[in-house]
Amino acid sequence: MQEIRFDASAPQVAAAMEKAYSPTTFEQHWSQRWEESGYYAPRGEGASYCIMLPPPNITGSLHMGHAFQSTLIDILMRYHRMQGARSLWQGGTDHAGIATQLVISNLLSKQGKECTDRETFLREAWRWKHSSSSTITRQLRRLGASVDWSRERFTLDAGLSSAVREVFVRLYNEGLIYRGQRLVNWDPVLRTAVSDLEVQPREQQGQLWYIRYPAAAGPGVVVATTRPETLFGDVAVAVHPQDERYADLPGQHLQLPLTDRHIPVLADEQVDREFGTGCVKITPAHDFNDYELGQRHSLPMRNIFAPDASLNDQVPEAYRGMDRFAARERVIQELSRLNLLVRTEPHALTLPCGDRSGAVLEPRLTNQWFLRMQSLAAPAIQAVQDGRVRFVPEHWSRTYFEWMYNIRDWCISRQIWWGHRIPAWYDAAGKVYVGHDEQSVRERHGLKGELRQDEDVLDTWFSSALWPFSTLDWPQSSADLQRFYPTSVMVTGFDIIFFWVARMIMMGLKLTGEVPFREVYIHGLVRDADGNKMSKSRGNIIDPLDLIDGIDLETLVQKRVTGLLRASDATRIEEHTRRDFADGIAAYGTDALRFTFAAMATHGRDIRFDISRMEGYHNFCNKLWNATRFALLMVEREGSDVLAAVAPAGVAERWIVSRTGVAIQRITDAIGVYRFDLAAAEAHEFIWAEYCDWYVELTKSLCAHAAVPEQRQATLYSLLRVLESALRMIHPIMPFVTEELWQRVAPVVGVSGASIMLHSWPRAADFPRDGAAEAELAWLKQAVGGLRQLRSMHNIPRSVRLPVYYREGDELEREWLTRHTLQLQDLARVAAPVEQGTGSAGVATALAGGMVLQVPLAGLLDKATEMQRLDRDITRHRKDFSKLEGKLANANFVQRAPPEVVEKERQRRRELGAILARLEGQRVEMENV
RNA sequence: AGGCGCGUAGCUCAGUGGGUAGAGCACCACCUUGACAUGGUGGGGGUCGUUGGUUCAAGUCCAAUCGUGCCUACCA
């Protein structure tokens, strides 16, 4: 589909451009156009390049982390697409079991619907999913994310669900999945088990209670505990076998307070003699350490909690049905009354909390499904060790190894409804059968009687771990699977190395025999300007779309203070918001946001989002916009086809071409090593500091003085040609503005194509390095800079042209002076022409290489100012010079440093010496004026 | 307790095989010049946390130390 939106030969193109960059006028247009035209789909026959979008949660809306990550992925996708790779960004969403079930339950209870059966709940859940799950994908489109939406997947899709069952069956048949009664982290609010990774440790100031357990005869012992209510689950008290204080205790029995039970004292090395009294109560059903100790000593397990962590019928009648925390109070009261509470002391402890519910978790003995990890981990460790999977930055592999070496079995069953139901069936006798579906189970095992499917669903991360291949039709060996798997790189935050990366590698290797991705690029986490994590409760969240579209202060305040968990936070949040965003947020546009993300994507782990930085990059967009407007205006003014240019390129053209090649190479290299910050910095530097500040300015001068139209055309051709390539080299970072401008620029230089995003990546080889031109321009810049400084320091108004004479300088420099005399006039406001000077009395000087540019004081310049300026320069140079002298006087340096380094320093000393001599001579003369 | 980071200009951060410390923002001065005041020109500002070591040479390598952050484990 060929589409030329602008006819560059029509004179109104540039004139029709808005004077100021205004992203809202075109961004959405292009994002729709690209998607409708199918540009996001893989194309061409190049090598495959594939990235899996870490599937966002269907409950979610786009936050800064998503926006940041998607920007980085999109930079990679657009870059590789332009490099000619057959590129696929596979997108989709995750059903997020617990999170979604929570959202929907809340929704239903708000509507007054109490949902007590699975079928109704799932019907509601799917209805909700269909109506609102596209929020985040819509938002991703606004970012310009070039995801191939035609292949969008959802973890509960039929195909992906079938893959999940297939994996479950295979791993079960191999004995890697097993069911058993184990102590697991139990969330009493959600009433489900969760895995170790879903536990959020939270520090809290608690208490340590010292409780006396009387012996049948004698005083008994004192134990220390942070959870007195669990004493009802006690089955023993343990001491260290070498603890002399209690040497005679093991074997004796104690009276368990508040009950009529007696429990034994036993000896175990696990006991820490230093802690508390050195006697520890053992509650195997409610503590992980006690559980292990219980196993060793074959102790009974007494489960005293119901699923909601209220006390069950294993406790004295008075406590039954009581909430665990109420029970704690009651236990303490009672013990105190019975004089069994010896003392209480404050104690800092870390409580395990559910990452979704926030509830304090209880270790609880339940039947769960587990995945054995040891044998899966070994090859996954190997894959990273031998480089089949490479972490960037490399040090994250340490974190990965650390976790993998100490891996524990994964509890994969959840007692909720929303998710992949476990494909296991029980017969009347409770015997379990695992298979794809009930039918196949019956056939395989010849079962006639009633079968009941397991009520549990799988942990969401179980299906996420399969995402790199389940989205590509695995277990079918599809063409896409062949082509795109293993995928190229996984882009994600360090917070989910374990959740995602590690499990994907294990599952990928186990089920496909291949790693799921060859590289893992770990990016930092976006924080606010003060380095705090962004969160609703802190009220420091920024919605990426507000940065794109803008938002006024009042709306922003409202947005931040509604829906808070604690209403008391509202005042503080409002205050901070009014302070930090006094004028609201301007509509900066997607490209400015993306450029900011790229610029911040260093290899550190915290990314502080600074809105002033974004404002600067929005200005950069404007700069680019206006540079293009200027270039097109120049072409229009010329009124002829710049392609007809026949004159050989001048030195300025050769220079900008050379610099363009360098910029392309640097950006290419930076993206290759995931240094988006360096790529952004290079683009910024090249476009602003080289193209705009120098080449555009030179163009004005060159065109104004061109003797023949052909010269002008040659200059303008380079102006446009370089711009066209510059647009391409920053397209991956800023897709919208580059497309909008490229559509206008490309036709002028004979580059055709439907879209910049389908065009090729610029090649450095097309912009050859030109050392001679670079040296010459460096000289010119130095000359201009010197004269400008002189003007500025002496406060000479712009309107006054400087009379300038030259002295010294070699033949080459005199040639350069002649060649650029007009540019010197225009850029440094020099009065033409620059003649050879006759003396040095009464002049201020600027140095350009070996040449001295003189400006007569003649009432223009102030002697005292000039003396000051000279002194400043002399001081600086002398400091450098003496440092160099010292270095070169050091025999060790001269002997041991590489000869080329020594030579370089000698050369520098010569130059510096010459400069210093001139400055000092100048100073003597100035003094005599 | 173990692991991993970070400490460079007022702020946010670069600094690539050791060889002249950089950018953006902020600040000061001047300038509405025909792409852009969302701009231009010039300028000020850092003994690179501290101490020691290796080296001819250390922001960079090594060790120690201080500060700070995160992760994992433990916490009766």
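Chain naming here is simple, since letters A, B, ... match the order of the sequence lines and numbering starts at 1 in each.
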Validation row: A:I607, A:F597 side chains within 4.5 angstrom (heavy atoms)
no
A:N532 atom CG is separated from B:C70 atom P, nearest whole Å, by 10 Å
Item to complete: Using the C1' atoms only, state how far B:U47 lies from B:G43, rounded to an integer number of Å.
Response: 23 Å
What's the gap between B:G53 and B:A57 when it is taken at their C1' atoms, as a whole Å value? 15 Å
Between NZ of A:K19 and P of B:A35 the distance, given in whole Å, is 10 Å
Paired to B:A37 by Watson-Crick or G-U wobble criteria (both distances under 3.5 Å) is none
Per atom distances to the A:R629 side chain, the nearest of B:A35, B:U38, B:G42 is B:A35
Mind checking A:V223 for me? I need base, sugar-phosphate or nothing, with any heavy atom below 4.0 Å counting as a touch. nothing
Rounded to whole Å, CZ of A:F494 lies from P of B:C6 at a distance of 13 Å
Note to self: If only side-chain N and O atoms count, and only distance matters, is there a donor-acceptor pair under 3.5 Å linking A:S701 with A:Q823?
What the structure shows: yes
Any base atoms under 4.0 Å from A:L208, or only sugar-phosphate, or nothing? Heavy atoms, all strands. sugar-phosphate
query: Counting any heavy atom closer than 4.0 Å, what does A:R798 reach on the DNA or RNA strands: base, sugar-phosphate only, or nothing?
result: base
*Just to confirm, is there a sub-4.0 Å distance from OP1 or OP2 of B:U55 to any side-chain nitrogen or oxygen of A:N892?*
no
A:L624 CG to B:U38 P, in whole Å, measures 17 Å
| request: Would you check if there is a donor-acceptor pair between the side chains of A:Q907 and A:E911 at a distance under 3.5 Å? | output: yes
A:H794 and A:E866: side chain donor to acceptor below 3.5 Å: yes
What do you reckon, are the aromatic ring centroids of A:H523 and A:Y674 less than 6.0 Å apart? no
Worksheet item: Taking it one step at a time, do A:D196 and A:R408 satisfy salt bridge (charged side-chain N to carboxylate O under 4.0 Å, His left out)?
Response: CA-CA 9 Å; A:D196 299 337; A:R408 294 187 289 181; 3.5 Å; yes
Rounded to whole Å, the CG-P distance (A:N406 to B:A1) equals 18 Å
Of the candidates B:U12, B:G19, B:U38, the side chain of A:A897 sits closest to B:G19
Atom CD1 of A:I607 and atom P of B:U12 are separated, to the nearest Å, by 14 Å
Against the side chain of A:H395, the closest entry in B:U41, B:A35, B:G5 is B:G5
Side-chain atoms of A:R605 come closest, of B:G19, B:G5, B:G42, to B:G5
Rounded P spacing from B:A58 to B:G40 in Å: 39 Å
B:A1 -> Watson-Crick or G-U wobble partner, both distances under 3.5 Å, gives B:U72
Classify the nucleic acid contact of A:P797 as base, sugar-phosphate or nothing, counting any heavy atom under 4.0 Å across all strands shown.
nothing
Review point. Looking for any heavy atom pair under 4.0 Å, which part of the strands does A:L884 touch: base, sugar-phosphate only, or nothing?
Key: nothing
### Message
Please determine whether a side-chain nitrogen or oxygen atom of A:W688 lies at a distance below 4.0 Å from atom OP1 or OP2 of B:G40.
### Response
yes
Scanning all shown strands, the Watson-Crick or wobble mate of B:U20 with both distances under 3.5 Å is none
The nucleotide from B:G2, B:C36, B:C4 with an atom nearest the side chain of A:K623 is B:C36
Looking at every strand, decide which applies to A:R408 at a 4.0 Å heavy-atom threshold: base, sugar-phosphate, or nothing. sugar-phosphate
When A:R608 and A:N795 are each assigned the nearest nucleotide of RNA chain B, the 5'-most assignment goes to A:R608
Side-chain contact check for A:R398: nearest option of B:U38, B:A21, B:C4 is B:C4
Against the side chain of A:K883, the closest entry in B:C25, B:A35, B:A21 is B:A21
Under a 3.5 Å threshold, yes or no: a donor from one side chain and an acceptor from the other, between A:S612 and A:E615?
no
Whole-Å distance, A:Q868 CD to B:A29 P, equals 17 Å
- prompt: Is the distance between the ring centroids of A:H618 and A:Y21 less than 6.0 Å?
  reply: yes
>> I'd like to know if A:E697 reaches the base of B:A35 with its side chain such that a donor and an acceptor end up less than 3.5 angstrom apart.
In response: yes
| query | For A:C621, which contact category applies under a 4.0 Å heavy-atom criterion: base, sugar-phosphate, or nothing? | reply | nothing
On a whole-Å scale, what distance lies between the C1' atoms belonging to B:U54 and B:G42?
43 Å
Ranking B:U12, B:A14, B:G34 by distance to the side chain of A:R637, first place goes to B:G34
Original post:
Just checking A:T225: base, sugar-phosphate only, or nothing, at a heavy-atom cut-off of under 4.0 Å?
Top reply: sugar-phosphate
With respect to the phosphate group of B:G43, does any side-chain polar atom (N or O) of A:Q789 fall under 4.0 Å of OP1 or OP2? yes
Taking B:G43, B:C36, B:G3 as options, the one with an atom nearest any side-chain atom of A:N622 is B:C36
Regarding the side chain of A:R675, the nearest nucleotide among B:G15, B:A35, B:U12 is B:G15
Requested in this report: Answer yes if the ring centres of A:H347 and A:F275 are under 6.0 angstrom apart, and no otherwise.
Outcome: yes
Checking N1-N3 plus N6-O4 or O6-N4 for Watson-Crick, or N1-O2 and O6-N3 for wobble, each under 3.5 Å, the partner of B:G67 is B:C6
Quick one: label A:V894 by what it contacts on the DNA or RNA (base, sugar-phosphate, nothing), any heavy atom closer than 4.0 Å.
nothing
Please classify the nucleic acid contact of A:R872 as base, sugar-phosphate, or nothing, using heavy-atom distances under 4.0 Å. sugar-phosphate
task: Kindly say if A:S792 contacts the phosphate of B:U41, meaning a side-chain N or O under 4.0 Å from OP1 or OP2.
output: no
Atom CG of A:D606 and atom P of B:C71 are separated, to the nearest Å, by 10 Å
The residue, A:R613 or A:D880, whose nearest nucleotide of RNA chain B is more 5′ is A:R613
Nearest-angstrom distance, P atom, B:G19 to B:A26 = 32 Å
